[in-house]
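To keep things clear, I will list the structure first and then write my remarks on it.
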There are 2 protein chains.
Amino acid sequence: MTTPRRVTIRDVARKAGVSVATVSRVLGGDYPVLAVTRNKVMRAVRELDYVPNAHARALSAARPGAIAIVVNTIAVPYYALIAQGVEDQAAQEGRLSLICTTGGDNGRELSIVQLLREQRAEAVILVGSVIVDEEYRKRMTEYAHALAAAGSRLVLCGRPPLGEGVPALVVGFDNTGGAHAVTAHLLSAGHRRILYLGVRPGHTTSDTRVAGYRSALAEHGVALDPSLEVEAEFDRDAGYAAMNRRLAEGPPDFTAVFAGNDLVAAGAIQSLHEHGLRVPHDMSIVGYDDVPPAQDLHLTTVHLPHDELGRAAVRLALGRVTTSPMTLGTHIVVRDSVRPLGPR
Amino acid sequence: MTTPRRVTIRDVARKAGVSVATVSRVLGGDYPVLAVTRNKVMRAVRELDYVPNAHARALSAARPGAIAIVVNTIAVPYYALIAQGVEDQAAQEGRLSLICTTGGDNGRELSIVQLLREQRAEAVILVGSVIVDEEYRKRMTEYAHALAAAGSRLVLCGRPPLGEGVPALVVGFDNTGGAHAVTAHLLSAGHRRILYLGVRPGHTTSDTRVAGYRSALAEHGVALDPSLEVEAEFDRDAGYAAMNRRLAEGPPDFTAVFAGNDLVAAGAIQSLHEHGLRVPHDMSIVGYDDVPPAQDLHLTTVHLPHDELGRAAVRLALGRVTTSPMTLGTHIVVRDSVRPLGPR
DNA sequence: ACGTCTGAAGTAACCGGTTACCTGACATCG
DNA sequence: CGATGTCAGGTAACCGGTTACTTCAGACGT
């Protein structure tokens, strides 16, 4: 069974008894065509079930390119929600959107960006933190210049700028502010020994949240205790494991936990429960992101406008708005995971 | 600032002092080229930062097309997990994957499929239930034939086949089996009055789960009670609202709840809590899907191999495997949301 | 020494659209 | 009535690659 040749615009032209130019004009747009001619063409299109070839179109005409979003994985709500925002805004702008996943591998990310250059993507939106090594920064910087030279835009979402003079738009959440607010929330509930669970050296998202945590403590005159800043990846298992390790050392020397994100909080809560500690009665905890498990866990957390981030990235990429760097506000969502401490 | 013309293969050829054919061969593949020539070309490619145009390639050579997955939304874990499976398998097969979202609108879905035909996608994977109206079935059937004629594959994931003789591959979860198992689990814990929360007339996913529920009841000699089958969309809000309505009618006339999926369960649990009913002490509940909130809610549920579904869809689409219809097994995950009822 | 074979590289047609430019019919005007 | 303008529609070049076919130089055989 051989593949029967595709129907092309020339087939339509032949069938309709007109030239290919006329067919193109009827399908394409604003060029004047007599109603009777248009009808002949449309009939031929229908009868042959002609579907124009997007590649040929992209090649011949200077049409708008796709909008690509590159994330770690789509299976994590944080990324999925942002991606959905991009998708929605792109659709609204009439653009095709490509979602690519890297699995958190810098090498894969670089080759995906290269792939997107081949696809002549009009915008490349990179989302989420990376551990930036020198090789990566060098190559991504080259890509940034190359994309700019080709008229495409590079947007960095919730990640550090590449450096001075590198053509890239930046939009992110106010992590430091949010972390400050939620830490202040714990402090004003009377907590003084607050475990920060989610240090990740070199990761901007983590670094900025830690910064907010520290500045809030400083403002309240609470001395920093390095032993209260605990490393953990930003997923449920890491939160669970880290809390398990901590609790194995003996009874907790803290009354509250600030988890790097809600997934870490969920894992930590499971560990706490397994150690007989109830939230919020025996231990207060707050999270970050306000993604799905948060509501069910009655978790006080920081709400991030994920959808808005995605939409803003697209608007920036298309030049609809030009404020870069752009910082999106966050707000604390108080649920039921923090218990006020009585006066000492 | 005018866009500086793109670097093309001819520029590279000129710079390297060879013909375009040679450049294409160096970059493309297996044709023999002298090492010295290859080097000249590679140097020119590097110096000019030449990036081949994917559209031109797609147009001239018969290269493999993209793999597209069409889902309701990516912000819901059920879809996100399946999409990630598709993405992973597609990447593994060296294919570009496109993720498209419809927002649950049949009209949009149809126009997306048309868009994918224009993109010359090699496979179109449609995921999730739809309420099938006649117009939709008619047009999608046409598309199915058209895609087949063009050598592309259409894969339906977790949704009903379009009809006899319509060229579409089918893969799905064993919903009836899973629903049967989880209902049997409740029955053997002694429950007899089990509320099914999540009837959606015309929706296959719901229908098949209801079927499993009913058959398990029948097997255990429990008479069906239509008043125990309650309508609800498959999201958290719907579960919450439906349970609220039910509980507003008076004290519950059931001892257990089978929620159409985990999100519905999460909403129902919130409602139960707000009515002072504790899970599992005062009310047993099971969910379906085993997506994120389930673990944190200690919810007994049915685990679905989402990732496997995505991968299987791609393998089917690429003809790596040919068993269609294909049904993926599920298994019950027992957590802590069901309380055994003592002997009456 | 001459014809033949072999392998690297070049030439140009082609993929399927778009569009600048051209043609020809008809209306309009001095 | 011929010059000019208007407008629908045709012709063919072009977008940027791939590849069938051709060319040509050097190796080899007799």
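The chains referred to below are lettered A, B, ... by the order of the sequence lines, with proteins before strands, and numbering in each begins at 1.
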Report task. Heavy atoms only: give me the nearest Y50(B)-L27(B) pair and the separation to one decimal. Result -> CE2-CD2, 3.4 Å

Report task. Would you indicate what A61(A) reaches in the nucleic acid, counting non-hydrogen atoms under 4.0 angstrom: base, sugar-phosphate, or nothing? Result -> sugar-phosphate

**Report entry** Nearest-angstrom distance from the residue atom CZ of R25(A) to P of dA12(D)
**Finding:** 14 Å

Report summary line: Note: A313(A) and V155(A) closest approach over all heavy atoms is O-CG2, 3.8 Å

Query raised in the report: Are side-chain heavy atoms of L162(A) and L154(A) found at a separation under 4.5 Å?
Result: yes

Distance-only criterion, 3.5 Å: show the donor-acceptor pairs between side-chain atoms of residues 65-90 of chain A and protein atoms not counting sequence neighbours.
unit_1, atom_1, unit_2, atom_2, d
N72(A), OD1, G104(A), N, 3.0
T73(A), OG1, A75(A), N, 3.0
T73(A), OG1, Q84(B), OE1, 3.0
Q84(A), OE1, T73(B), OG1, 3.0
Q84(A), OE1, I74(B), N, 2.8
Q84(A), NE2, D88(A), OD1, 2.8
E87(A), OE1, S97(A), OG, 3.0
E87(A), OE2, T101(B), N, 3.0
E87(A), OE2, T101(B), OG1, 3.2
Q89(A), OE1, R311(A), NE, 3.0
Q89(A), NE2, E93(A), OE2, 3.2

Requested in this report: Tell me what T22(B) touches on the nucleic acid: a base, only sugar-phosphate, or nothing, going by heavy atoms under 4.0 Å.
Outcome: sugar-phosphate

Query - Near-strand residues of residues 32-59 of chain A, defined as heavy-atom separation under 4.0 angstrom from DNA chain D - result: P32(A), V33(A), L34(A), T37(A), L59(A)

Query raised in the report: Under 4.5 Å between any side-chain heavy atoms of M140(B) and L126(B), yes or no?
Result: yes

Report task. Answer yes or no: is there a side-chain heavy-atom contact under 4.5 Å between R137(A) and T141(A)? Result -> yes

Report task. Please report how far the helix from dA1(C)-dT30(D) to dG30(C)-dC1(D) bends, comparing the axis fitted to its first five pairs with the axis fitted to its last five, to the nearest 10 degrees. Result -> 60°

Query raised in the report: Is there a residue in residues 9-19 of chain A whose heavy atoms reach under 4.0 Å of DNA chain C, and which residues are they?
Result: I9(A), R10(A)

**Report entry** D49(A) side chain reached by V7(A) side chain, heavy atoms, under 4.5 Å
**Finding:** no

Report task. Specify the closest pair of heavy atoms between A121(A) and S152(A), including all atoms of both residues, with the distance to one decimal. Result -> O-OG, 2.8 Å

Requested in this report: Would you check if I9(B) and S24(B) make a side-chain contact, meaning some heavy-atom pair closer than 4.5 Å?
Outcome: yes

Report task. Using the closest heavy atom to pick a nucleotide of DNA chain C for each, name whichever of Y31(B) or V23(A) lands nearer the 5' end. Result -> Y31(B)

Requested in this report: On DNA chain C, reading 5' to 3', which nucleotide is the first and which the last to sit with an atom under 4.0 Å from a heavy atom of chain A, could you check?
Outcome: dG16(C) to dC21(C)

Query raised in the report: In Å and rounded to the nearest 0.5 Å, what is the CD to NE2 distance from E142(B) to H145(B)?
Result: 10.0 Å

Requested in this report: Give the intermediate values and the outcome of side chain to side chain contact (heavy atoms under 4.5 Å, CB included) for residues R120(A) and V51(B).
Outcome: CA-CA 9 Å; R120(A) 300 296 187 257; V51(B) 178; 3.7 Å; yes

Query raised in the report: Do you know which of R63(B), R95(B), R153(B) makes side chain to side chain donor-acceptor pair (under 3.5 Å) with E122(B)?
Result: R95(B)

Query raised in the report: Is the closest side-chain heavy-atom distance between D11(B) and R6(B) below 4.5 Å?
Result: no

Query - Note, Y143(A) side chain near L110(A) side chain (heavy atom, < 4.5 Å) - result: yes

Report task. Residues of residues 112-121 of chain A with any non-hydrogen atom less than 4.0 angstrom from an atom of DNA chain C: list those, numerically ordered, please. Result -> none

**Report entry** V314(B) vs R320(B) side-chain heavy atoms within contact, under 4.5 Å
**Finding:** no

